[in-house]
Amino acid sequence: MRLQQQDRTVDVAVIGGGIAGASCAYHLAREGLGTVLVERETELGTHSTSRSAATLVPGYGGQENDELTENGRLFLTSTAEGLAEHPLLTPRELLWVYSCEPEGTSRDLPGAVPIDRETALAMCPVLRPEAIDAVAWQTGVYDIDVDGLLRALVRGATHHGTGVLLASEAVSLRRQKGHWLVEGGVEIKARVVINAAGAWADELAERSGLAPVGFRALKRTAFVSPVSVDNQDLAMVVAADSSFYFKPDVGGLMLCSPADETPIAPGDPRPEEIDVAYAIDRINAHTTLQIRSVRRAWAGLRVFTADRRPVIRPHQADPSFIWCAGLGGTGVQTAPGAGQRVAEIVQGLFSSEGRV
Ligand SMILES: Cc1cc2nc3c(=O)[nH]c(=O)nc-3n(C[C@H](O)[C@H](O)[C@H](O)COP(=O)(O)OP(=O)(O)OC[C@H]3O[C@@H](n4cnc5c(N)ncnc54)[C@H](O)[C@@H]3O)c2cc1C
């Protein structure tokens, strides 16, 4: 079923036009389901999606995130099934640096192996060996072209008939004669609603008369600084105690973060000077980068459940309301797998019509 312009009746309304919603829309539309993607802002991906560090790290974020990443890997490595103009993944070395002995490194970080400091220095010569007690090398890491991924997903979704509604907030959602009536900018009638509203996922459930999960939005700060070394081939470096990370960015810039996790209400967070200063201090203490200035700083939300597991399943009180939220610090790398999972759930529902 396609979106009917007159009454906007569809099979599935995906609420939230970040990377998760875009992936759901693509994978649903690809299966022939009439889909509409509803975004409150005037552009897609302006919240968490455009603020990430754009890295795929296997094993990061727990087993379920890893499974989602693996499920979406073929999509990512196939230039989004040919929808992207160029490869979306570029290999990147990653080093975890420890201030103490890396007891249990390999167990805690699947794919990470302890290496000696000489090997680490060859991968990232700006490290100060005297400041680092131990290093573990993580394999299978990639830089992700997030913008390219988002564009590819939206291109594929619209090619398969998805209607994209921008500047359209889903304000109220109610069940009416076996359908959801989504009201806000535009009225939409849908058999199924996908909740891909990021930090606002609980709010959307409440607007639908359903119980929230209890998500927590944690602010994370990032910034780019000019560095005087040729940094393109340097490894990404992450402090194992979560006190900083940095990775090469384009144009001689280094992307840096204090790896902060400050609880905050859903919204449009701003970076705090103190968080940026803390990261600069930590990075300068561990490297010879001598970061002195900041070209651009930003902050974004990473959204978690209490146990940090993603929520990709039907609402327990109503199977026609499906969560795709709580993607934490891995929402970009898991988005292709998450969208596929959602499409499978919806197909399962539609194949047993009476239950929807
Ligand atoms: C600093 C930082 C670094 C990160 N680094 C990485 C990384 O290296 N790798 C990785 O995989 N992930 C990373 N992440 C996490 C990743 O960015 C997120 O997990 C991911 O972007 C979440 O995508 P989303 O689509 O769920 O949310 P969002 O991108 O926030 O999209 C949700 C959308 O829903 C819309 N919306 C909400 N309510 C409504 C409504 N009622 N009606 C209509 N629209 C609505 C919002 O406007 C928003 O556009 C990082 C995050 C941050 C902040």
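Since this is a predicted model, take the numbers as computed values, not measurements. In listed order, ligands and their atoms are each counted from 1.
Annotation: Arg220 places no N or O atom under 3.5 Å from an N or O atom of ligand 1; distance criterion only. Considering backbone and side-chain atoms together, Leu301 places no N or O closer than 3.5 Å to any N or O of ligand 1. Considering backbone and side-chain N/O of Glu39, one or more are found under 3.5 Å from N/O of ligand 1. Among the atoms of Gly331, some N or O lies under 3.5 angstrom from an N or O of ligand 1. For a threshold of 3.5 Å applied to N or O pairs, the pair formed by Val332 and ligand 1 contains at least one separation below that value. For a threshold of 3.5 Å applied to N or O pairs, the pair formed by Glu203 and ligand 1 contains no separation below that value. Note: no N/O pair closer than 3.5 Å links Thr334 and ligand 1 by distance alone.
Looking at Thr49, Leu44, Leu327, Leu56 and measuring to atom 21 (O) of ligand 1, the nearest heavy atom belongs to Thr49. Between atom 10 (C) of ligand 1 and the options Ser52, Ser172, Gly21, Gly329, the minimum heavy-atom separation is to Gly329. Evaluated by nearest non-hydrogen atom to atom 38 (N) of ligand 1, the leading choice among Trp200, Phe304, Tyr245 is Trp200.
Cation-pi geometry between Arg295 and Phe223 is not satisfied (NZ or CZ under 6.0 Å from the ring centre, within 45° of the ring normal). A cation-pi contact, defined as under 6.0 Å to the ring centre and within 45° of the axis, is absent between Arg191 and Trp180. Cation-pi geometry between Arg220 and Trp298 is not met at under 6.0 angstrom from the ring centre and within 45 degrees of the axis.
Protein heavy atom in closest approach to atom 34 (O) of ligand 1: Gly16 CA, 3.2 Å. Of the protein's heavy atoms, Ala170 N, 2.9 Å lies nearest to atom 42 (N) of ligand 1. Of the protein's non-hydrogen atoms, Ala53 N, 2.9 Å is the one closest to atom 5 (N) of ligand 1. Shortest contact from atom 9 (N) of ligand 1 to any protein heavy atom: Thr55 O, 2.9 Å. Looking from atom 17 (O) of ligand 1 to the surrounding protein, the closest heavy atom is Ser48 O, 3.2 Å. Of the protein's non-hydrogen atoms, Gly18 CA, 3.4 Å is the one closest to atom 31 (O) of ligand 1. In terms of protein heavy atoms, atom 45 (C) of ligand 1 is closest to Arg40 CB, 4.0 Å. When hydrogens are left out, the protein atom nearest atom 27 (O) of ligand 1 is Gly198 CA, 3.8 Å; that is the closest non-hydrogen contact.
Under 4.0 angstrom from ligand 1, there are no non-hydrogen atoms of Ser50. Only the backbone of Ala196 comes within 4.0 Å of ligand 1, judged by heavy-atom distances. Counting heavy atoms closer than 4.0 Å to ligand 1, residue Ala299 contributes nothing at all. Residue Arg302 touches ligand 1 through its side chain alone, judged by heavy-atom distances below 4.0 Å.
Open room surrounds CD on Gln316; 12 or fewer heavy atoms of other groups in view lie less than 6.0 Å from it. The number of heavy-atom neighbours closer than 6.0 Å to CZ of Arg92, taken from other residues, nucleotides and ligands shown, is above 12. Counting heavy atoms of neighbouring residues, nucleotides and ligands inside a 6.0 Å radius, atom CG of Asp116 exceeds 12 of them. Sparse packing is recorded around CD of Glu43, with 12 or fewer heavy atoms of other residues, nucleotides or ligands lying under 6.0 Å away. Atom CZ of Arg73 has more than 12 neighbouring heavy atoms from other residues, nucleotides or ligands inside a 6.0 Å radius.
Under a 4.5 Å side-chain heavy-atom cut-off, the cluster of Ile, Leu, Val, Met, Phe, Trp and Tyr residues that includes Phe304 is completed by Leu218.
Formation of a donor-acceptor pair under 3.5 Å by the Ser23 side chain with backbone atoms of Ile19 is not found in this model.
Using a cut-off of 4.0 Å between Lys/Arg side-chain N and Asp/Glu carboxylate O, Glu183 and Lys189 are scored as not salt-bridged. Between Arg302 and Glu261, at least one side-chain nitrogen of the basic residue sits less than 4.0 Å from a carboxylate oxygen of the acidic one, meeting the salt-bridge criterion.
Of all atoms in ligand 1, listed by their number and element, those nearer than 4.0 Å to a heavy atom of Ile15 are 40 (C), 42 (N), 43 (C). Within the listing of ligand 1, atoms 1 (C), 2 (C), 3 (C), 52 (C) sit less than 4.0 angstrom from a heavy atom of Arg51. In the vicinity of Gly328, heavy-atom distances shorter than 4.0 Å reach the ligand 1 atoms 15 (C), 18 (C), 19 (O). Close contacts between ligand 1 and Val38 involve ligand atoms 43 (C), 44 (N) [criterion: under 4.0 Å to a heavy atom]. Every atom of ligand 1 is numbered from 1 in the order shown, and the set under 4.0 Å from a heavy atom of Arg207 is 41 (N). If you number the atoms of ligand 1 from 1 as listed, the ones under 4.0 Å from a heavy atom of Leu204 come out as 41 (N). Set against the non-hydrogen atoms of Ser168, the atoms of ligand 1 under 4.0 Å away are 43 (C). Listed by number with element, the atoms of ligand 1 under 4.0 angstrom from any heavy atom of His47 are 30 (O), 46 (C), 47 (O), 48 (C), 49 (O).
Inter-residue side-chain proximity for Arg8 and Val186 is flagged as met; some heavy-atom pair is nearer than 4.5 Å.
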Exercise. Should Phe244 and His286 be marked as a ring-ring contact (aromatic ring centres under 6.0 Å, His included) after you check the CA-CA gap, both sets of side-chain angles, and the distance that decides it?
Worked result: CA-CA 10 Å; Phe244 70 86; His286 287 81; 4.9 Å; yes
request  = Carefully, step by step, assess Arg308 and Glu64 under the rule salt bridge (Lys or Arg N to Asp or Glu O under 4.0 Å).
outcome  = CA-CA 10 Å; Arg308 298 204 168 215; Glu64 285 174 62; over 6 Å; no
Decide yes or no on side chain to side chain donor-acceptor pair (under 3.5 Å) for His160 and Glu31, but give the supporting numbers first.
CA-CA 9 Å; His160 288 290; Glu31 296 304 323; over 6 Å; no
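In this structure, Phe215 and Trp323 have perpendicular ring planes: the angle between them is above 60°, well past the 30° mark.
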